[in-house]
Amino acid sequence: MNVIIQKFNGMWHLIVGSCQIRSPFLETQDRGLVVAYARRIYPGAKIFERD
């Protein structure tokens with residue numbers, strides 16, 4: 001499974017397949033928090049970062 005992390009409308013979003021899921025993190029927060037959150041929710045997924 002692939003998970004893409006992207007900033008959108010002031011929030012970090014996770015894109016999983018064709019679904020865009022808003023994370024509980026603001027755009028100003030550290031990207032590392034969002035990556036750790038994505039790894040916890042989707043264990044074993046490949047995490048990609050997009051600006």
Side-chain angles (χ1 to χ4, degrees):
M1 175 186 315
N2 295 333
V3 176
I4 300 170
I5 298 172
Q6 183 176 13
K7 292 180 187 177
F8 185 70
N9 287 341
M11 300 286 292
W12 285 101
H13 287 75
L14 306 177
I15 302 171
V16 182
S18 63
C19 298
Q20 185 171 351
I21 304 165
R22 186 177 65 188
S23 75
F25 299 102
L26 296 173
E27 185 179 284
T28 56
Q29 290 179 295
D30 186 40
R31 186 184 304 238
L33 289 172
V34 183
V35 171
Y37 175 76
R39 290 189 193 279
R40 190 175 41 223
I41 291 177
Y42 299 104
K46 292 182 183 177
I47 309 294
F48 297 96
E49 301 171 22
R50 188 185 298 172
D51 284 334

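- With a 4.5 Å cut-off between side-chain heavy atoms of Ile, Leu, Val, Met, Phe, Trp and Tyr, the cluster of F48 takes in I4, I15.
- The CD1 atom of I47 sits 12.5 Å away from atom CZ of R31, with the distance rounded to the nearest 0.5 Å.
- In the hydrophobic clustering of ILVMFWY residues, with side-chain heavy atoms under 4.5 Å counting as a link, F25 and V35 come out together.
- Here the NZ atom belonging to K7 is positioned 11.5 Å from the CD atom belonging to Q29, to the nearest 0.5 angstrom.
- Heavy-atom minimum distance, H13 versus R22: CD2-CA, 3.7 Å.
- Linking ILVMFWY residues whenever their side-chain heavy atoms come closer than 4.5 Å, directly or via other members, places L33 and Y37 in the same cluster.
- With W12 contributing its side chain and L26 its backbone, the two residues share a donor-acceptor pair below 3.5 Å.
- For the atom pair CD (Q6) and CE (M11), the distance works out to 14.0 Å, reported to the nearest 0.5 Å.
- Legend: residues meeting side-chain contact (heavy atoms from CB on, under 4.5 Å) with Y42, ordered by chain and number and at least two apart, are M1, V3, L14, V16, I21, A45.
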